[in-house]
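The structure under discussion is supplied below as structure tokens; questions concerning it will follow.
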Amino acid sequence: MSSSHLPSVALSARVVSFETARHLVEQHALSVAPTEVETVNLLAALGRVLAEGIVADRDFPPFARATRDGYAVRAADVAKTPARLDVIGEIKAGDLPDNLTVDHGQAVSIMTGAALPPGADAVVMVEHTIVAERSHPSVGKDATSGWGNQCVEVQRSVSAGENFVPRGAEARAGELLLDRGRRLDHAGIAIAASVGQSRVQVFRKPRVAILSTGDEIVEIDATPGPAQIRNSNSYSLAAQVQAAGGEAVRLAIAPDEPRRLRALIEEGLQCDLLLLTGGVSMGKYDLVEQALAELQAEFYFTGAEIQPGRPVVFGSCGAGAPARVPAAKSPPASNGVSAPNKRYFFGLPGNPVSTMVTFELFVKPMMDALAGMTPQPLIFLRARLKSEIRTKTGLKRFLPAVVSGEFENAEVELARWQGSGDIAALARANCYVVIPPDRVRIEAEEWVSLLLR
Ligand code: AMP
Ligand code: MG
């Protein structure tokens, strides 16, 4: 069956710069947000987005905490050095120093993480002291505690407040430590753990439909015919979706046939986001845009001035299941971004490298938003180019490359590749070198931007 069996819809191309395309996605991402939440065990929340703020359950630190092993002292007593102080006791981490007060001329041996005793206002590092015997052992309390005849010589003075963190200096009880909408990494996990949250409330993962198209594409466990290609895009995209905090829903392969393609698109629009691969170029059987147009899709761009990935498409359909975003929570419909039942889709080029690059460049912000967080900016690093690059103007290029070099001396070199189909080259690369659209030649030793992958 050919596409002529369905009425054709006029398509107007809208090819935009990389920056415009990215901004368009970010702008539309503002209109989506998850509403469903679940409570999971703390470690299962790694990489998930918080649906609740994490609040300090007590002061942090909960007591004035020594940050060095040494002696708790009164700073005024050691203003002149060397200074001799009587050692009246010892405080280990975990001890309550209630029964010890540091008076004029006294010191208490203290360990990192222990509570500063009353009276003391600084800690002298043990490295700056010498233990000494007292010539006239004292009597009474000190003697019975076993510290009666110990003395310490302090060789360096300290200022009041040195080598301890006052109670509540990091956070006060009730203070917000982590905002709702934060993705939990190991530091976030540490914060939740430190306030005793063994379970946390997170947003439900967005469900992302993945639809590969093409008559030549076969499932990976089938034996491909001589002109057939295994459906690797469905897997690379599923991996990227999972890494971005989503749940991948891999649909059946769509042939280059309008009715079946359209049915599968409709199935995909039941999810929170639809990613299509293939069928967005200018070929006779590139039917994806046509099929979407027939579903009353709105297209925000139908190409970006980039390489690889130029034919990338971004739009939305009004169809699908009822939206999870309540109308009250959405921005006004007048901005053209939000509407109930709206489902966003990306048509990614089928070339495997293009598919992977365009996901990172354009799909990520939408994934962030659907997962419950503010879209994160792309972070570009700089490195010196190892050898000259010659290219053509007109497109911003994201070329697979290898960054290497020890410590701060990063240098980068293009990976040798055969074009956008070369997954092996991409797998050897660890970044993309970014070439501005107005350059034909970049000399060795020049600083270039790169995007880690
Ligand atoms: P298309 O974008 O449909 O013109 O496809 C461009 C190139 O990518 C062709 O060589 C396709 O065979 C290849 N390709 C398309 N879809 C996939 C897929 N799902 N997995 C691997 N390669 C694909
Ligand atoms: Mg195709």
Side-chain angles (χ1 to χ4, degrees), residues 1-3 6 11 13 15 21 208-242 248-265 267-268 271 273-294 297 299 301-315 345-363 395 397-400 417-429:
M1 189 188 291
S2 85
S3 59
L6 285 171
L11 293 172
V15 179
V208 181
I210 296 169
L211 177 53
S212 289
T213 72
D215 281 342
E216 78 282 28
I217 309 301
V218 294
E219 282 307 351
I220 63 168
D221 37 17
T223 306
Q228 290 182 319
I229 300 289
R230 292 197 183 92
N231 184 12
S232 63
N233 286 350
S234 180
Y235 287 85
S236 62
L237 279 177
Q240 287 176 293
V241 163
Q242 284 175 19
V249 179
R250 293 189 313 99
L251 304 181
I253 296 164
D256 294 321
E257 185 279 300
R259 283 180 202 282
R260 178 74 180 132
L261 174 62
R262 183 170 158 164
L264 283 164
I265 288 175
E267 190 182 329
C271 285
L273 179 66
L274 168 61
L275 304 180
L276 299 113
T277 84
V280 288
S281 306
M282 298 304 287
K284 187 175 167 196
Y285 296 100
D286 289 324
L287 306 174
V288 164
E289 279 171 66
Q290 186 65 42
L292 286 161
E294 285 160 12
F299 293 94
F301 56 81
T302 57
E305 289 156 353
I306 58 166
Q307 194 244 340
R310 190 174 184 281
V312 60
V313 170
F314 172 50
F345 61 79
F346 288 88
L348 308 179
N351 267 313
V353 176
S354 311
T355 312
M356 292 186 245
V357 173
T358 48
F359 181 96
E360 294 303 322
L361 297 181
F362 303 118
V363 182
L395 300 176
R397 290 169 210 271
F398 296 85
L399 305 179
W417 73 321
Q418 304 302 318
S420 312
D422 194 346
I423 332 177
L426 187 68
R428 284 192 299 271

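Just follow the structure's listing: the first ligand is 1, and inside any ligand the first atom is 1.
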Query raised in the report: Of all the non-hydrogen atoms in the protein, which one sits nearest to atom 1 (P) of ligand 1, and at what distance?
Result: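 Among all protein heavy atoms, the one nearest atom 1 (P) of ligand 1 is Gly279 N, 3.7 Å.
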Query raised in the report: Could you walk me through whether Leu399 and Gln307 pass the side chain to side chain contact (heavy atoms under 4.5 Å, CB included) check?
Result: CA-CA 8 Å; Leu399 305 179; Gln307 194 244 340; 3.8 Å; yes
Query raised in the report: Among protein heavy atoms, which sits nearest to atom 11 (C) of ligand 1, and what does the distance come to when rounded to 0.1 Å?
Result: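 For atom 11 (C) of ligand 1, the nearest protein heavy atom comes out as Glu216 OE2, 3.0 Å.
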**Report entry** Proximal ligand 1 atoms for Ile217, defined as those under 4.0 Å from one of its heavy atoms
**Finding:**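 Here the atoms of ligand 1 in question are 14 (N), 15 (C), 16 (N), 17 (C), 18 (C), 19 (N), 23 (C).
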Query raised in the report: In ligand 1, which numbered atoms sit nearer than 4.0 Å to a non-hydrogen atom of Gly278?
Result: 1 (P), 2 (O), 3 (O)
Query raised in the report: Between Thr277 and Pro349, is there a donor-acceptor pair closer than 3.5 Å when you use the side chain of the first and the backbone of the second?
Result: no
Query raised in the report: Near Ser212, which atoms of ligand 1 are under 4.0 Å from a heavy atom of that residue?
Result: 19 (N)
**Report entry** Note, Val313 side chain near Leu276 side chain (heavy atom, < 4.5 Å)
**Finding:** no
**Report entry** Pairwise side-chain contact, Val241 with Leu273, heavy-atom cut-off 4.5 Å (strictly under)
**Finding:**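 The answer is no, as the side chains (C-beta and beyond) never meet within the 4.5 Å cut-off.
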Query raised in the report: Do you know the tightest heavy-atom contact between Phe362 and Val312?
Result: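 Residues Phe362 and Val312, closest heavy atoms: CE1-CG1, 3.9 Å.
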Report task. Could you check atom 18 (C) of ligand 1 against the protein and tell me its nearest heavy-atom contact, residue, atom and distance included? Result -> Asn233 ND2, 3.1 Å
Query raised in the report: Which heavy atom of the protein is the closest neighbour of atom 19 (N) of ligand 1, given with residue, atom name and distance?
Result: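 Checking every protein heavy atom, the shortest distance to atom 19 (N) of ligand 1 gives Asn231 OD1, 2.8 Å.
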Query raised in the report: With a cut-off of 4.0 Å, which atoms of ligand 1 are near a heavy atom of Arg230?
Result: 20 (N), 21 (C)
Requested in this report: Identify, by atom number and element, the atoms of ligand 1 in contact range of Ser232, meaning under 4.0 Å from any of its heavy atoms.
Outcome: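 That gives atoms 20 (N), 21 (C) of ligand 1.
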Requested in this report: Identify the heavy atoms of Asp256 and Glu216 that sit nearest to each other, and give their distance.
Outcome: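 Closest approach of Asp256 to Glu216, heavy atoms only: OD2-OE1, 4.4 Å.
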Query raised in the report: Identify the closest protein heavy atom to atom 5 (O) of ligand 1: which residue and atom is it, and at what distance?
Result: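 Going atom by atom, the protein heavy atom closest to atom 5 (O) of ligand 1 ends up being Gly350 CA, 3.8 Å.
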Query raised in the report: Looking only at protein heavy atoms, which one is nearest to atom 7 (C) of ligand 1, and how far off is it?
Result: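 Here the nearest protein heavy atom works out to Asn351 OD1, 3.4 Å.
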Query raised in the report: Taking all non-hydrogen atoms of both residues, which atom of Gly421 and which atom of Pro352 are closest, and how far apart?
Result: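 In terms of heavy atoms, the two residues are closest at CA-CD, 3.9 Å.
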Query raised in the report: When the ring planes of Phe346 and Phe314 are compared, do they come out parallel, tilted or perpendicular, using 30° and 60° as the limits?
Result: parallel
